[in-house]
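Accompanying notes for the structure given below.
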2 protein chains.
Amino acid sequence: MVPKATSADPALDLERFLPYRLSILSNTISQAIAGVYGERFNLNVTQWRVIAVLGRYPNLSAVDVAERTKMDKVAISRAVNDLIAGGRLDRSVDKSDRRRSVLCLSNHGWDVYREIAPLALACEARLKSSLTASECDALERILDKLTTAGVALLLTGEDLGMQIRCPGAR
Amino acid sequence: MVPKATSADPALDLERFLPYRLSILSNTISQAIAGVYGERFNLNVTQWRVIAVLGRYPNLSAVDVAERTKMDKVAISRAVNDLIAGGRLDRSVDKSDRRRSVLCLSNHGWDVYREIAPLALACEARLKSSLTASECDALERILDKLTTAGVALLLTGEDLGMQIRCPGAR
DNA sequence: GCCATATCGTTTCAATTGAAACTATACTGT
DNA sequence: ACAGTATAGTTTCAATTGAAACGATATGGC
């Protein structure tokens, strides 16, 4: 008959679990924004991010874009090729290092950027408008802190179990 | 030329863009936590979530689990079958509706749950420990508000710039 | 009872993904 | 100059994903 939380733990409730809630929130927002530009411009998330970063920082190489967007270089490679095929990106070869390509938005790409960027910012503004000004400030701080803590967890987290739990076990 | 922000927009800077930062944060944390249980228990994210929700709310059907975890029912179906194959889940048929299965953790599944749940909570605690108490409180509120706003954006957001149809299509 | 429609869970299939291998170019030390 | 190593970007291939079709069961209207 539906025991509540069987063992001694402080109840792991998925719907209150921070990592899970962040995942739901992030997916919901990404989907919403993708709905705004996806249909209209036929862009996927990776392609849009490439355009966004090149709109802000032109003349990056593919690896630069991958680092800035924190996305996989294979994904970037494919997105870049699709964008070039769609006439939204121009690629040239770096004179001083012929392995590197130099990417920048074409005129058409700039049109797309100038049309979508305000929409994206409007989405963000609408989300933030649900918060008070001080919550908005807090959010900035919190995101920075959590991201730092998350990266630390990623690097050192493997030994969480040994450190935190079960002195006798394992 | 390297224009800063070409048009009239207040500069869309990906690294400061809320939806993007949430995505990075969520991915970083998910990866970190997956590293904690993935290797040790050979579980993927979906399988772990199924175990988590069944540990908290036993005797759900597969569709119930899908709704609670907000994951795809195909993904749940596969995760459930893998977990049963691994002896971590028991399935029986609902007497009053023979389409429905009734899922609950096996003894082995409970062992896994009791071992991982504290680890997951420890991860969460470590993340939260980077925040002050009041930031922690604020985060709860903010996540609720943003999730609500995000869902609203998902449903109505298409007319942000102009009109686009179809809630739920595609 | 019988038909139409809805739901549960699985299977199929085509698209997406990423790790590893690969090509081409660059750098470093001798 | 050469060998060895490192980096940029692409291709390959196998695993993962999810939309749609599906079989089985259930429910509501008649």
Side-chain angles (χ1 to χ4, degrees), chain A residues 23-24 26-28 30-31 34-35 38-39 42-50 53-54 57 59-86 89-104 154, chain B residues 23-24 26-28 30-31 34-35 38-39 42-50 53-54 59-86 89-104 154 166-170:
Chain A
S23 166
I24 295 295
S26 173
N27 288 343
T28 304
S30 292
Q31 235 188 294
E39 302 246 333
N42 197 35
L43 286 175
N44 63 32
V45 174
T46 309
Q47 291 166 348
W48 157 238
R49 284 191 184 165
V50 170
V53 77
L54 286 174
Y57 306 102
N59 300 312
L60 299 179
S61 72
V63 165
D64 292 336
V65 172
E67 279 167 4
R68 279 203 178 269
T69 57
K70 308 272 195 301
M71 303 192 76
D72 189 85
K73 73 172 180 171
V74 176
I76 297 297
S77 170
R78 287 196 263 246
V80 163
N81 281 317
D82 290 348
L83 288 170
I84 291 172
L89 228 61
D90 292 331
R91 168 162 49 192
S92 54
V93 174
D94 187 326
K95 300 283 187 199
S96 68
D97 182 345
R98 303 201 307 155
R99 293 170 309 179
R100 297 171 67 87
S101 52
V102 179
L103 304 169
C104 63
L154 189 56
Chain B
S23 167
I24 295 295
S26 172
N27 289 343
T28 304
S30 293
Q31 235 187 295
E39 302 245 335
N42 198 33
L43 287 175
N44 63 32
V45 175
T46 310
Q47 291 167 348
W48 156 238
R49 283 192 184 164
V50 170
V53 77
L54 286 174
N59 299 313
L60 300 179
S61 72
V63 165
D64 293 336
V65 173
E67 279 167 5
R68 279 202 178 268
T69 57
K70 308 270 195 301
M71 303 191 78
D72 188 84
K73 74 171 177 171
V74 176
I76 297 297
S77 170
R78 288 195 262 245
V80 164
N81 281 318
D82 290 347
L83 288 170
I84 290 172
L89 228 60
D90 291 330
R91 168 163 48 193
S92 54
V93 174
D94 188 326
K95 300 281 187 201
S96 68
D97 183 345
R98 303 204 304 157
R99 293 170 308 179
R100 297 171 65 87
S101 51
V102 178
L103 303 170
C104 63
L154 189 56
C166 81
R170 193 156 83 104

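Convention: sequence-line order gives letters A, B, ...; per-chain numbering from 1.
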Quiz question: by atom type and distance under 3.5 Å, do the side chains of B:N27 and B:S30 form a donor-acceptor pair?
no
Could you tell me if A:R49 and A:T69 have a donor-acceptor pair between their side chains, going purely by distance under 3.5 Å?
no
[X] [atom1] to [N] [atom2]: how many Å, rounded?
X      : N      : atom1 : atom2 : result
A:Q31  : D:dG18 : CD    : P     : 10 Å
A:R91  : D:dT10 : CZ    : P     : 5 Å
B:R100 : C:dT7  : CZ    : P     : 12 Å
B:D72  : C:dA15 : CG    : P     : 18 Å
B:R78  : D:dT17 : CZ    : P     : 8 Å
B:D97  : C:dC8  : CG    : P     : 8 Å
A:K70  : C:dG18 : NZ    : C1'   : 19 Å
B:R99  : D:dT25 : CZ    : P     : 10 Å

Heavy atoms under 4.0 Å, any strand shown: does A:V63 hit a base, just sugar-phosphate, or nothing?
sugar-phosphate
Over all strands shown, is A:D94 touching base, sugar-phosphate only, or nothing at heavy-atom distances under 4.0 angstrom?
nothing
State whether A:S77 places a side-chain N or O below 4.0 Å from either non-bridging phosphate oxygen (OP1 or OP2) of D:dG9.
no
Output yes when at least one side-chain N/O atom of A:S61 is less than 4.0 Å from OP1 or OP2 of D:dG9, else no.
yes
About how many Å separate CD of B:Q47 and CG of B:N81, when rounded to the nearest 0.5 Å?
10.5 Å
When you measure from the side chain of A:A75, which nucleotide among C:dG9, D:dG9, C:dG18 comes out closest?
C:dG18
Relative to the 5' end of DNA chain C, which residue comes earlier, A:K95 or B:A62, by the nucleotide with the nearest heavy atom?
B:A62
Contact check, side chains of A:L83 and A:L43, non-hydrogen atoms, under 4.5 Å
yes
Of all heavy-atom pairs linking B:K73 and B:A66, the shortest is CA-CB, 4.2 Å
